[in-house]
Q: 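Please see the structure below; I have some questions.
Residue numbering restarts at 1 for every chain, and letters A, B, ... go by the order of the sequence lines. Please read all numbers here as calculations on a predicted model, not as lab measurements.
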Protein chains: 2
Amino acid sequence: MATRMLALLDGSLVDPSTPIVRADDDGVVRGDGVFDALLAANGIARDLDEHLGRLADSAKILALPAPDEAGYRRAVDAVLQAWDWQAEPEAVLRLIQTRGPAGGQGNGYVLAAPLDAATRRERYEGVRVLLLDRGFEGNGIVDLPWLLPGAKSLSYGINMAAKRYAIANGADDVIFVTPSGAILEGPTSSVVLDLDGVLHTPPLDGILRSITIAELLEKAPAAGLEVKVGALTVDDLWRARGAWLLSSGRLIASVNEADGKPLPASPLDGALRRILDVPEA
Amino acid sequence: MATRMLALLDGSLVDPSTPIVRADDDGVVRGDGVFDALLAANGIARDLDEHLGRLADSAKILALPAPDEAGYRRAVDAVLQAWDWQAEPEAVLRLIQTRGPAGGQGNGYVLAAPLDAATRRERYEGVRVLLLDRGFEGNGIVDLPWLLPGAKSLSYGINMAAKRYAIANGADDVIFVTPSGAILEGPTSSVVLDLDGVLHTPPLDGILRSITIAELLEKAPAAGLEVKVGALTVDDLWRARGAWLLSSGRLIASVNEADGKPLPASPLDGALRRILDVPEA
């Protein structure tokens with residue numbers, strides 16, 4: 001296996017095979033904690049401030065103590081310094097904070113792993129997706145705080161199961177849809193459609209706030225691209241000039257196929273990659 | 001804090017403050033794993049076979065290797081032998097299996113903690129609940145395997161958040177309902193209503209298979225009680241002669257109040273407790 005790194009919040013590096021989490025940490029026992037993930041390329045962590053900000057937001061939604069921001073910066077720096085960027089030019093960094101055992105301290109740390117070859121290939125060659133029913137209508141979830149809308153919690157079991165289901169059924173990834181056919185998001189990505197030359201992405205109800213989408217919204221106007229945030233349906237996907245999944249690690253993947261039906265390659269693909277500063281293949 | 005125990009699948013006991021889980025175990029990083037929980041009283045584990053069976057079912061739904069049943073029995077036996085039943089006559093045992101790090105082995109173990117005083121009090125004095133929207137209609141979830149219907153996965157973040165929300169708002173527990181007002185389940189319990197002298201509980205769609213409900217269904221006829229499985233609504237709750245939450249640790253708690261409105265105490269309460277073999281207060 002390629003090199004992985006584990007950094008603690010005091011800035012020390014620990015062999016990842018050394019257990020550091022208690023068996024009774026609610027992070028394990030109940031998936032109770034928060035995380036964020038970002039890409040580091042050639043020694044530089046992308047959008048670290050934004051990811052630390054979202055980690056803090058997630059912690060607040062889960063009523064966890066504020067994450068030790070300085071500690072996460074120390075841990076990220078330790079990884080950036082020690083990583084072999086010649087051998088592995090891109091690394092995915094996961095910032096993790098567990099709730100801890102009842103009455104005890106949570107665990108905060110940073111994990112680093114090389115961007116794996118399959119993910120890298122998807123960035124440049126695209127993905128086949130399945131449209132999977134997420135079981136709920138997105139609208140209104142934002143008003144139900146006990147469902148943790150907007151938080152990246154450690155309880156990612158359904159997202160992982162959906163990806164496994166896609167792979168077991170000849171696809172690479174998933175777009176979650178609602179029972180009535182609205183487009184939500186991927187298990188670890190956000191959806192963008194090209195509708196008649198305008199980029200569209202769903203509103204933040206029932207889905208996670210995406211840092212890559214925020215970057216797109218900020219930078220698109222200067223590049224002459226219009227981006228609209230609004231409800232999208234599966235019918236929109238079928239009539240789109242192209243579709244993408246955006247995320248912090250893979251950055252972008254064009255959707256080549258959905259439920260076995262081919263989708264066109266949008267003429268805006270190159271412009272989108274330049275806006276998001278996606279490395280050349 | 002009261003004594004807690006950690007037993008590994010080889011039957012050894014380990015100090016729970018010793019970290020045994022890797023930081024990169026998907027059980028932590030993604031809440032990816034399964035668990036089950038049961039009560040042990042005075043040296044005897046209740047329904048151990050059924051809980052091991054459900055753990056195996058959960059693992060199958062998550063495409064995990066079959067749990068080491070003999071190992072879990074060794075770990076449970078180690079706890080039952082070492083526990084001080086005089087000091088703490090009831091213990092909650094959690095059987096846990098994580099997916100492990102990418103390409104590595106998962107972690108299997110048993111945690112034991114005393115049944116806490118608040119939970120014990122709820123068993124005999126009842127609970128105040130909030131009715132919280134679960135965000136989805138239950139019907140049809142059973143046909144969406146990527147949502148892991150029927151599995152007790154480690155991704156319990158929403159269940160924990162719902163309980164925190166209830167406690168922060170002057171209640172003790174939660175009954176999840178659908179947007180259209182159907183009754184689902186509690187975050188860690190199943191719902192039973194007394195409607196005109198017949199016990200009712202919702203069908204297994206969008207909710208977890210309960211071992212306590214199975215016990216009720218099996219034993220009620222001999223005690224002269226009828227139990228029906230069928231869709232229930234919030235209106236049914238308001239017209240019920242009584243309501244309970246059933247679970248493996250607390251066993252039973254009558255619902256005294258829902259969304260601030262008092263509910264009656266069913267005349268079937270005593271019979272139900274005898275059927276479920278609930279210890280005297």
Q: Using a 4.5 angstrom heavy-atom cutoff, name the option from A:G33, A:A151, A:G135, A:P145 with the most pairs to chain B.
A: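 Going by pairs under 4.5 Å, I would pick A:G135.
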Q: Got a donor-acceptor contact below 3.5 angstrom from the A:S155 side chain to the B:Y156 backbone?
A: yes
Q: Measuring heavy-atom distances to chain A, does B:I20 have an atom under 4.5 Å in its side chain, in its backbone, in both, or in neither?
A: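 Both backbone and side chain.
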Q: Which bit of A:R99 is near chain B, if near means a heavy-atom gap under 4.5 Å: side chain, backbone, both or neither?
A: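 The side chain, not the backbone.
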Q: What part of A:L111 gets closer than 4.5 Å to chain B, counting heavy atoms only: side chain, backbone, both or neither?
A: side chain
Q: Of the backbone (N, CA, C, O) and the side chain (C-beta and beyond), which part of A:L144 lies under 4.5 Å from a heavy atom of chain B, both, or neither?
A: side chain
Q: What option among B:I96, B:L132, B:T18 has the most heavy-atom pairs under 4.5 Å with chain A?
A: B:L132
Q: Quick check for you: to the nearest 0.5 Å, what is the distance between A:N159 atom CG and B:D32 atom CG?
A: 10.5 Å
Q: Chain B heavy atoms under 4.5 Å from A:L6: which part of the residue, side chain, backbone, both or neither?
A: side chain
Q: What's the separation between atom NZ in B:K163 and atom CZ in A:R30, rounded to the nearest 0.5 Å?
A: 8.0 Å
Q: Could you have a look at A:A162, A:A23, A:S17 and say which one has the most heavy-atom pairs with chain B under 4.5 angstrom?
A: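 Of the candidates given, the most pairs with chain B belong to A:A23.
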Q: Can you tell me how far the CD1 atom of B:I158 sits from the CG atom of A:L62, to the nearest 0.5 Å?
A: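 Answer for the CD1-CG pair, B:I158 versus A:L62, is 9.5 Å.
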Q: Does A:W146 use its side chain to pair, donor to acceptor, with the backbone of B:D133 at less than 3.5 Å?
A: yes
Q: Taking all atoms of both residues into account, what is the closest heavy-atom pair of B:P16 and A:R22, and its distance?
A: O-NE, 3.4 Å
Q: So which residue, B:L147, B:N107, B:D26, B:T98, ends up with the most heavy-atom pairs under 4.5 Å with chain A?
A: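 Heavy-atom pair counts peak at B:L147.
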Q: Could you pull out all residues at least two apart from B:E137 that satisfy salt bridge (charged side-chain N to carboxylate O under 4.0 Å, His left out)?
A: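 By the salt bridge (charged side-chain N to carboxylate O under 4.0 Å, His left out) rule, B:E137 matches no residue at all.
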Q: So which residues of residues 164-189 of chain B are in contact with chain A at a heavy-atom cut-off of under 4.5 Å?
A: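 Within residues 164-189 of chain B, the residues under 4.5 Å from chain A are B:R164, B:Y165, B:F176.
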Q: Give a yes or no answer on whether the side chain of B:S153 reaches the backbone of A:G157 with a donor-acceptor pair at less than 3.5 Å.
A: no
Q: Testing A:D24, A:V21, A:D25 for side-chain contact (heavy atoms from CB on, under 4.5 Å) with B:V21, which one passes?
A: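 When A:D24, A:V21, A:D25 are each tested with B:V21, the side-chain contact (heavy atoms from CB on, under 4.5 Å) holds only for A:V21.
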